[in-house]
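Heads up, the thing below is written out as structure tokens.
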Amino acid sequence: MATPTKPKRQPRIIVGSAKAAVGSATWLDDRLPFGRWLRPQLRKLFPSHWSFLLGELALYSFVMLVLTGTFLTLFYKPNPDVAFESVVELSLNVRGGLLVRQLHHWSAMVFVLSIVAHMCRVFFTGAYRRPRELTWMLGVLLFALALFEAFLGFTLTADQLAMAGLRQVQGVLLSVPLIGTYLSAFTFDGEFPGQVLPRLFALHVLLVPGILLAVVPLHGLILTWRQKHTERRATAVSEHQVSGGPFFPYFAVKNGATALFTIGFIALLATFVRVNPVWEHGAYQPGGQPPSAQPFWYFGVLDGAQRLVPAWEIAVGGYVLQPGLWIPPLILLAFFGALFLWPFIERRYSGDGEVHHLLDRPSQAPVRTALGVAVITFFVTLWAGTWVSVAPPAMHSAPGLPPPPAAPPALLTVPADAYGVIVAVLRVAVFVLPVVAFLVTRAICRRRSA
């Protein structure tokens, strides 16, 4: 007769752990009924087309921003006297500091670019229509906050290029009639640069990220999960019956692969492509010449608009008004206002208040597509104003004094006469090209949909 043997230690640990896990899950489910809620959520259908993952690119780059920003906060000193030195110290002397800075910069660029691509996909396919108006409005809010947050981070380096951008902000504030000086004094705590860096640092690491941490899950998870997803007409069953794969394991695996791709792509950029070398720009010096580096592409629209608008001055009641400085911010304000309310504007003029779960091809909505292309053309033309700069004049020092430092190299410089011609051409193009783009795009869409 065989004598039963006592199980070995490792199988006993495995069996005991499994029983403990099952018991803990049962105990927790009796008190918090996750099982009844989780089972249908794991079976929720999600679309299969790659374009639906553009929002995930923004989500995972935002995660990278939070992680790398936490590391940078440990070493950055927002004191105006030592802010630049702390950035240089972090970049060149802290182990891994430059890589984390590069990761943070490229994550910000991918974040903003992913939002732009995602919003273009939603706009041109009509995915913002009822019942997704609130999701679209939160997306526009995220876009505006991302641009503002990127500007705040860009200025915290306190180098010559960053402070030149803050000088532009101060000029716009001072141009506001009656209250301009008060706005500037409140923002900068006195004369420029004052104590603006600690305030910008608090906004950059506390207020704006806190709002983003609240809006991102609401936009990307809660509302998306509660609503039926949109789908292309080529793969849909009907307007009210869409198809797709379940969240688990189908969409979860795609999301995991997207996360790994996003993180790996940002890591490659941060490793091999240098961005914003502050030690070459130098610390801020009052009256110093700003570097000829061009602003990041998501700031180029505002900077280009300021270059193209004429330097108008109007004297009214002893005050000199400078409307040329107000026009670029007003353009952006009008753009974001129209973008925020676009679902309701389109419904008002189209009379379409039906529920839509199927996406349109761009050619099926000629006016909407043509208007989007015209707006993109308008902003690209404004951005083109930053691509060319005037060649700096030759610098000479007085007898007996050391020669002045050489002017920083520019990306693309032209003589002053040629620059004036380029600006004049762009001023005309900013009105003509969007109209041409609208008419051509509408004609193409109508021909394709006929």
Side-chain angles (χ1 to χ4, degrees), residues 58 61-88 90-91 100-116 140-173 183-189 192-216 275-278 281 283-284 290-291 293-303 306 328-329 332-333 336:
S61 58
F62 176 70
V63 173
M64 287 288 292
L65 278 172
V66 173
L67 295 177
T68 55
T70 303
F71 177 87
L72 297 177
T73 304
L74 301 177
F75 298 93
Y76 179 74
K77 299 180 178 65
N79 190 313
D81 298 329
V82 296
F84 175 77
E85 287 75 11
S86 70
V87 175
V88 176
L90 169 64
S91 303
V100 177
R101 271 198 67 226
Q102 301 275 85
L103 287 170
H104 195 70
H105 276 278
W106 282 113
S107 298
M109 290 192 181
V110 173
F111 181 54
V112 177
L113 185 60
S114 300
I115 292 177
V116 172
V140 175
L141 178 61
L142 279 174
F143 184 31
L145 288 173
L147 292 177
F148 183 56
E149 178 76 346
F151 175 76
L152 293 176
F154 176 75
T155 59
L156 290 180
T157 55
D159 60 331
Q160 195 71 22
L161 182 62
M163 302 308 281
L166 281 178
R167 270 295 191 186
Q168 288 182 298
V169 174
Q170 188 196 31
V172 174
L173 294 177
L183 291 176
S184 176
F186 175 78
T187 303
F188 293 93
D189 192 20
F192 183 88
Q195 295 297 318
V196 70
L197 285 182
R199 300 182 178 191
L200 297 182
F201 179 73
L203 291 174
H204 183 68
V205 304
L206 292 176
L207 180 60
V208 180
I211 300 175
L212 287 173
L213 286 172
V215 177
V216 166
V275 63
N276 197 17
V278 295
H281 300 161
Y284 170 68
Q294 305 301 313
F296 292 138
W297 63 270
Y298 40 80
F299 301 141
V301 169
L302 184 60
D303 189 61
Q306 289 180 333
L332 288 184
L333 184 62
F336 276 103

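These numbers were taken from a predicted model, which means no experiment stands behind them. Side chains included, hydrogens not; waters and symmetry mates left out as well; all remaining heavy atoms used.
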Query raised in the report: Which residues satisfy the side chain to side chain donor-acceptor pair (under 3.5 Å) test with S61, sequence neighbours excluded?
Result: none
Query raised in the report: With a 4.5 Å limit on heavy-atom distance, are the side chains of Y76 and L90 in contact?
Result: no
Report task. Report yes if some heavy atom in the side chain of N276 is under 4.5 Å from a heavy atom in the side chain of D159; otherwise report no. Result -> yes
Query raised in the report: Between atom CG of L161 and atom OH of Y284, what is the distance when rounded to the nearest 0.5 Å?
Result: 13.0 Å
Query - Step-by-step side-chain contact (heavy atoms from CB on, under 4.5 Å) determination, L142 to F62 - result: CA-CA 11 Å; L142 279 174; F62 176 70; over 6 Å; no
Query raised in the report: Side chains of F336 and L147: does their closest heavy-atom pair fall under 4.5 Å?
Result: yes
Query raised in the report: Taking atom OG1 of T73 and atom NE2 of H104, what is their separation to the nearest 0.5 Å?
Result: 7.5 Å
Requested in this report: Report yes or no: does S86 contribute a side-chain atom to a donor-acceptor pair with the main-chain N or O of A83 at less than 3.5 Å?
Outcome: yes
Report task. List the atom of L145, the atom of I211, and the distance in Å for their closest heavy-atom pair. Result -> CD1-CG2, 3.5 Å
Query raised in the report: If you look at every heavy atom in L302 and P328, which pair is closest and at what distance?
Result: CD1-CB, 3.5 Å
Report task. Give a yes or no on whether the backbone of V275 and the side-chain of Q102 come within a donor-acceptor separation of less than 3.5 Å. Result -> yes
Report task. Could you check F192 against L166 for side-chain contact (heavy atoms from CB on, under 4.5 Å), going step by step and ending with a plain yes or no? Result -> CA-CA 9 Å; F192 183 88; L166 281 178; 3.7 Å; yes
Requested in this report: Identify the two heavy atoms, one from L65 and one from A108, that lie closest to each other, and give their separation to 0.1 Å.
Outcome: CD2-N, 3.5 Å
Without placing hydrogens or testing angles, list every side-chain donor-acceptor pair under 3.5 Å for residues 196-206, not counting sequence neighbours.
{"from": "R199", "atom 1": "NH1", "to": "F186", "atom 2": "O", "distance (Å)": "2.2"}
{"from": "H204", "atom 1": "ND1", "to": "E149", "atom 2": "O", "distance (Å)": "3.3"}
{"from": "H204", "atom 1": "ND1", "to": "E149", "atom 2": "OE1", "distance (Å)": "3.4"}
{"from": "H204", "atom 1": "ND1", "to": "E149", "atom 2": "OE2", "distance (Å)": "3.3"}
{"from": "H204", "atom 1": "ND1", "to": "G153", "atom 2": "N", "distance (Å)": "3.4"}

Requested in this report: Measure the shortest side-chain to side-chain distance between V87 and R101 over non-hydrogen atoms and say whether it is less than 4.5 angstrom.
Outcome: yes
Requested in this report: Given side-chain contact (heavy atoms from CB on, under 4.5 Å), test L103 with F71 step by step and report yes or no.
Outcome: CA-CA 11 Å; L103 287 170; F71 177 87; over 6 Å; no
**Report entry** From F143 atom CZ to F111 atom CZ, the distance as rounded to the nearest 0.5 Å
**Finding:** 10.5 Å
